[in-house]
Colleague: 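Mind having a look at this structure? Questions to follow.
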Amino acid sequence: MKQKMKKPRIILVPYPALGHIRPMQKLATTFLSHGFEPVIVFPQYIHKQILLDNNNVDYINNGDDHDDDEIKLVALSDGLEEDTTAPDFFGIESIMENNMPIQLEELLLHKYNESDDDNEGKVVCVVADLMASWAIQVANKCNIPAAGFWPAMLATYRLIAAIPDLLLNGLISADTGLPQREGQITFIPDMPILSTEDLPWLIGTNDAQKARFKFWLRTLERSKTLTWLFVNSFPCESKLDDEQETLLLDQGCPSVRLISHIGRNQLPKNLSFWEEDLSCLKWLANQEANSVVYISFGSWVNPIGEENLKSLALALEASGRPFIWVLRSNWQQSLPIGFLENVFKQGKGLVVSWAPQMEILQHNSIGCYITHCGWNSTLEALQTQKRLLCYPVSGDQFVNCAYIVQVWKIGLKLNGLGHKDIEEGLTKVMEDNDMDTRLMKLHERIMGMQGDNAMGSFMLKSFVENLKKKGSTIQENASYHSRVRKMAGGAFVASAEGRQYEGKVTPFVIITCLVAAMGGLLFGYDLGITGGVTSMEQFLVKFFPTVYKQMKDESGHDSQYCKFNNELLTLFTSSLYLAALVASFFAATTTRVLGRKVSMFVGGLFFLVGALLNGFAVNIEMLIIGRLLLGFGVGYCNQSVPVYLSEMAPPKIRGALNIGFQMMITIGILAANLINYATSKLENGWRYSLGIGAVPAVIMCLGSLFLGDTPNSMIERGQHDEARKMLQKIRGTDSIEEEYQDLVDASEIAKTIEHPWKNIKQQQYRPQLTFCSLIPFFQQLTGINVIMFYAPVLFKTLGFGDDASLMAAVISGGVNVVATFVSIFTVDKFGRRILFLEGGAQMLICQIAVGIMIALNFGVTGEGSFTKGEANLLLFFICAYVAAFAWSWGPLGWLVPSEICSLEVRSAGQAINVAVNMFFTFCIAQIFLTMLCHLKFGLFFFFAGFVIIMTIFIASLLPETKNTPIEEMNRVWKSHWFWTKYIPDDAVIGENNHKTSP
């Protein structure tokens, strides 16, 4: 009779704890269904704890001589005495490292691989729990492919894998793993808010924590040899894109495969360390639907402590609610005297030593589950759609709790186990009607047969097909690896923060943003044209004869510092900014109600009329009215254009495209300086300088007519179909559902609050109000606009000739443009903070240098001059100052306020930003020449002092915002050491169920 061919074997090595063994057994069941013979190996003491049906006892110790259609359980000697109690974490570690490797090696090389037939029952793979990483080394030594298994959620592994980044950010000690300072972990994308106190190795005493940290370092090092890592989670938990996985693969991390569908399998045997009390199921049958509170902390009772157990017991009794409490008999002795008797008599409660948890959670009488947030318990609660009250005590439980409370919003975290804590928690959870909806949606995504689970099935099927091939090494070819990577869910530590949506940078987006940024060119042109025109003698003779006489006065009555000190002249310059201040408030409403493109068109129209009035001006009144209209144009464009650019741009290049606005400002300034230089010798050249501003205004008006509005604005105004089409167009893909849904959710939240101006004064918007107010304030106190719109006048004051002063302005304007390109190419790579801080330091040095040079040459009398070499050195410092501003406070002063405001306060926030900017631009423009006359060279030290203050402000209070989608910006504030106290948990956009989809 032909002998039955033996199946290829897979050896599974779990960490010897029930929470690790059960998910490993589920994975073994899946391998069994795919035609493998799974063999689970345990230390001997675990076999003594596992209770199985009597007909299975025969094969517990050897794994032989039984049907090969079942999972084999094999014991390895642990070296413990017969009556020794179960070891603790460090005892288990000693057994695994010292006793089990040689026995597993024997099993792999001889017991299972002794056949000469390559296809006869050979071990084709070892699947090792990462906490049993010793087995990875053994598999490598035996030249048998190894895969890793992570029985907890992916987020916990990501936190462990982030240890190098924690070290790099100075959050933990390299020697001990202990927190160096209290802080929040913010650099892991798509993760809820976690503290350094939540790290999984911070269990027990300091010495124990240090030892656990070394354990994880060793685990990470060993896992670098793995190609695959199976994670006992569902793909919509997190997201992993190609760039992030490639980065991790380069760093030696395994490729993740989420296999949540294993949770659907029915286990052939119910593995348990303790006998289950089935009487609780009968008791449940007599209870009302959704009335019973189920309490179980698994085997994690010891960290909770005796006093907390007593408090919980009294709280449950006082609540009057029916409950089932799973509590080991040795801990039941710690309960208050008479407690068990009272609850038994009242029939309101039941305390059992161990219970069939899944059957209990599936019962319709269970309304709430008080849990320690172990991952297996969390998965079972998700599968049975039970509301949760969380009391994490150790390890990965804090991460699981963060997802339950912050991301999925299907439970609350208990601050304690006293009567008030329990009663308030139960009331909130049991009365939250929306929680049922969130549970149902999450359940559908986890347990559905399409989508996420299909991905898990594909990944596992591909894996086992590779194993069945003769000589398989679990290595994937490049095309297969790329294909699966695109299908896989999950996320890892990466440099980018926040959610990464599908899509690409399309030509349509680039062209649209360039046209929109024309508003910046108009603003820059008006900034730069003023200083050149006011230094032209023909212009001064016609409109400001008093200034002309002062300038030509050689009597010495006025110092060099005071030659241009005239309030009417400064009013011509500053009136534009006063008008822009007023217009910004009207523009906020226009932008919100009528859309971004309408606001940009109105701004372009104001520019056009104002430029024509200035070009044809015949008196000072006509000149000032034209300037006021230009100011209205500035107010509208500065309000709408940055918002438009932020909303149209993909998050990963939002900074670069938004800085296109600032770049166009600098190009406008340079163009104005060049035009001033070219027209200064022409008769009535000032008319050409002022009138040419109509050209970009026409482009702005016409361009606005053909631009599409932003998806955010369309959704805000109820145009959902148009918004979806526009999003597909600007992202260049049809797969925009996740981003579209985020925008819709953000819009729905925004609609619940109708008054953005009242809104932004609320506590939760304190960061936005602060930065929308102080960043534009500080931007003007850098003194940059002194250089920009008074550059020719300033250079003339310092002794440069007419042509030389205009050419010096052209040079500084050119530097401004080039340096802005630096910001465009670095802002999304290095982030906002580093540019702010470097720019501040460089501006400070240059301002002090310029102040010292002017002081040494002109003193307080204003009499003196520069040699050619000194003039060139002065110009160098001014250009270095302009460059520093152009790649820091210039573009970031517009970018950061435009990207930090969520939809419900965005229009108000941008209006405040523009208003503050224009108000202080007006103030500086109006008083600069007077300040120069009175403070003299001290003016540059005045501005240098503010640069010091603003740099400290940024260093202390501004978190990094690069690559974070606008609708998730509250996550950044919530994770900041100072702003976290202002942001409630439910204000963090991106935490609803759909946020975790792949």
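Just so it is clear, the structure is predicted and the values come from calculations on it, not from any experiment.
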Colleague: Apply salt bridge (charged side-chain N to carboxylate O under 4.0 Å, His left out) to the pair D436 and K386, showing each step before the final yes or no.
Modeller: CA-CA 8 Å; D436 279 339; K386 298 304 179 187; over 6 Å; no

Colleague: Main chain of L958, side chain of R833: is a donor-acceptor contact present, judged purely on distance under 3.5 Å?
Modeller: yes

Colleague: Show, in sequence, the C-alpha distance, side-chain angles and deciding distance for L382 and W408, and conclude whether the side chain to side chain contact (heavy atoms under 4.5 Å, CB included) test is met.
Modeller: CA-CA 10 Å; L382 294 177; W408 304 320; 4.2 Å; yes

Colleague: Decide yes or no for S377 and S296: does some side-chain heavy atom of the first lie under 4.5 Å from some side-chain heavy atom of the second?
Modeller: no

Colleague: Would you find a donor on one side and an acceptor on the other, under 3.5 Å apart, between the side chain of Q397 and the backbone of S394?
Modeller: yes

Colleague: Considering non-hydrogen atoms only, spot the tightest contact between Y982 and R766 and give its length.
Modeller: CE2-NH1, 3.7 Å

Colleague: So how far is it from F149 CZ to M24 CE, rounded to the nearest 0.5 Å?
Modeller: 5.5 Å

Colleague: Roughly how far, to the nearest 0.5 Å, is OH of Y15 from CG of D129?
Modeller: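 One finds 9.0 Å between CG of D129 and OH of Y15.
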
Colleague: Applying ring-ring contact (aromatic ring centres under 6.0 Å, His included) between W150 and each of W375, Y157, F230, report the one that passes.
Modeller: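 Result for ring-ring contact (aromatic ring centres under 6.0 Å, His included) with W150: Y157.
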
Colleague: Going by the rule side chain to side chain donor-acceptor pair (under 3.5 Å), which residues pair with E380 if we only count those two or more places apart in sequence or in a different chain?
Modeller: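 Result, side chain to side chain donor-acceptor pair (under 3.5 Å) vs E380: Q357.
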
Colleague: Any luck finding a side-chain donor-acceptor pair between N759 and Q762 under 3.5 Å?
Modeller: yes

Colleague: Of the non-hydrogen atoms in L178 and Q209, which two are nearest, and what is the gap between them?
Modeller: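 In terms of heavy atoms, the two residues are closest at CD2-OE1, 3.0 Å.
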
Colleague: Taking the side chain as C-beta and beyond, is there a heavy-atom pair between N290 and N364 under 4.5 Å?
Modeller: no

Colleague: For F771 together with F953, are the ring centres under 6.0 Å from each other?
Modeller: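 Centroid distance F953-F771: below 6.0 Å, so yes.
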
Colleague: For Y740 and H720, run side chain to side chain donor-acceptor pair (under 3.5 Å): C-alpha distance rounded to whole Å, both residues' side-chain angles, the deciding distance at 0.1 Å, then the answer.
Modeller: CA-CA 9 Å; Y740 174 77; H720 290 269; 3.3 Å; yes

Colleague: For the pair L727 and L743, evaluate side chain to side chain contact (heavy atoms under 4.5 Å, CB included) and give the outcome as yes or no after the intermediate values.
Modeller: CA-CA 10 Å; L727 192 58; L743 295 179; 4.3 Å; yes

Colleague: Check the pair L442 / R438 against side chain to side chain contact (heavy atoms under 4.5 Å, CB included), numbers first and verdict last.
Modeller: CA-CA 6 Å; L442 186 59; R438 293 192 291 269; over 6 Å; no

Colleague: Checking R321 now: which residues fulfil salt bridge (Lys or Arg N to Asp or Glu O under 4.0 Å) with it, not counting sequence neighbours?
Modeller: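 Result, salt bridge (Lys or Arg N to Asp or Glu O under 4.0 Å) vs R321: E423.
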
Colleague: Take L166 and L199, measure what side chain to side chain contact (heavy atoms under 4.5 Å, CB included) needs, and give me the verdict at the end.
Modeller: CA-CA 10 Å; L166 292 169; L199 297 172; 3.9 Å; yes

Colleague: So with a 6.0 Å cut-off around CG of N415, is the heavy-atom count from everything else above 12?
Modeller: no

Colleague: Can you find a heavy atom in the side chain of T371 that is under 4.5 Å from one in the side chain of Y294?
Modeller: no

Colleague: When rounded to the nearest 0.5 angstrom, what is the spacing between CG in D198 and SG in C401?
Modeller: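 Between D198 CG and C401 SG, I get 8.5 Å after rounding to 0.5 Å.
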
Colleague: Please report the shortest heavy-atom distance between G425 and L414, naming the atom on each side.
Modeller: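 So the two residues come closest at CA-CD2, 4.5 Å.
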
Colleague: Please confirm whether the backbone N or O of F215 pairs with a side-chain atom of T219, one donor and one acceptor, at under 3.5 Å?
Modeller: yes

Colleague: Is it the case that R212 places NZ or CZ above or below the six-membered ring of F89, under 6.0 angstrom from the centre and within 45 degrees of the axis?
Modeller: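 Judged by the rule (NZ or CZ under 6.0 Å from the ring centre, within 45° of its axis), R212 counts as positioned above F89.
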
Colleague: On a heavy-atom basis, which atom in I983 and which in Q764 lie closest, and how many Å separate them?
Modeller: CD1-O, 3.0 Å

Colleague: Is the shortest heavy-atom distance from the side chain of L27 to the side chain of P23 under 4.5 Å?
Modeller: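 With C-beta onward as the side chain, the pair stays apart.
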
Colleague: Can a donor-acceptor pair be found, under 3.5 Å and without considering hydrogens, that links the side chain of N232 to the backbone of A152?
Modeller: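 Checking the backbone N and O of A152 against the side chain of N232, no donor-acceptor pair under 3.5 Å is found.
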
Colleague: Minimum heavy-atom separation for A381 to L388, with atom names?
Modeller: CB-CD2, 3.6 Å

Colleague: Which atom pair, heavy atoms only, marks the closest approach of N400 to T378?
Modeller: CB-OG1, 4.3 Å

Colleague: Side chains of P179 and L202: closer than 4.5 Å at any heavy-atom pair?
Modeller: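 SC-SC contact between P179 and L202 confirmed.
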
Colleague: Using a cut-off of 6.0 Å, state whether more than 12 heavy atoms not belonging to L957 lie near its atom CG.
Modeller: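 Above 12, so yes.
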
Colleague: What is the distance from atom CG of L439 to atom OG1 of T384, rounded to the nearest 0.5 Å?
Modeller: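 Reported to 0.5 Å precision, the distance equals 8.5 Å.
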
Colleague: Testing I160, L229, L220 one by one against L130 for a side chain to side chain contact (heavy atoms under 4.5 Å, CB included), which residue passes?
Modeller: L229

Colleague: Side chains of E899 and T961: is there a donor and an acceptor less than 3.5 Å apart?
Modeller: yes

Colleague: Less than 4.5 Å apart, any side-chain heavy atom of M153 and any of Y403?
Modeller: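 Counting from C-beta outward, M153 and Y403 do come under 4.5 Å.
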
Colleague: Only one of K761, Q763, Q768 clears side chain to side chain contact (heavy atoms under 4.5 Å, CB included) with Y765; which?
Modeller: Q768

Colleague: With a 4.5 Å cut-off on side-chain heavy atoms, are R387 and Y369 touching?
Modeller: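 No - every pair of side-chain heavy atoms lies 4.5 Å or more apart.
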
Colleague: CD1 of I900 to SG of C772: how many Å apart, nearest 0.5 Å?
Modeller: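 Spacing of CD1 (I900) from SG (C772) equals 4.5 Å.
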
Colleague: Given 3.5 Å as the limit, does a donor-acceptor pair link the side chain of K962 with the main chain of K829, or not?
Modeller: yes

Colleague: Hey, what do you get for OG1 (T437) to CD1 (I410), rounding to the nearest 0.5 Å?
Modeller: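 Between atom OG1 of T437 and atom CD1 of I410 there are 13.0 Å.
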
Colleague: Is there side-chain contact between W201 and I172, with at least one heavy-atom pair below 4.5 Å?
Modeller: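 Result yes, sub-4.5 Å side-chain heavy-atom pair found.
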
Colleague: Determine whether the aromatic ring centres of residues W325 and F297 are separated by less than 6.0 angstrom.
Modeller: no

Colleague: Is it true that D421 and K413 have a side-chain N and a carboxylate O under 4.0 angstrom from each other?
Modeller: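 So D421 does not pair with K413 through a salt bridge.
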
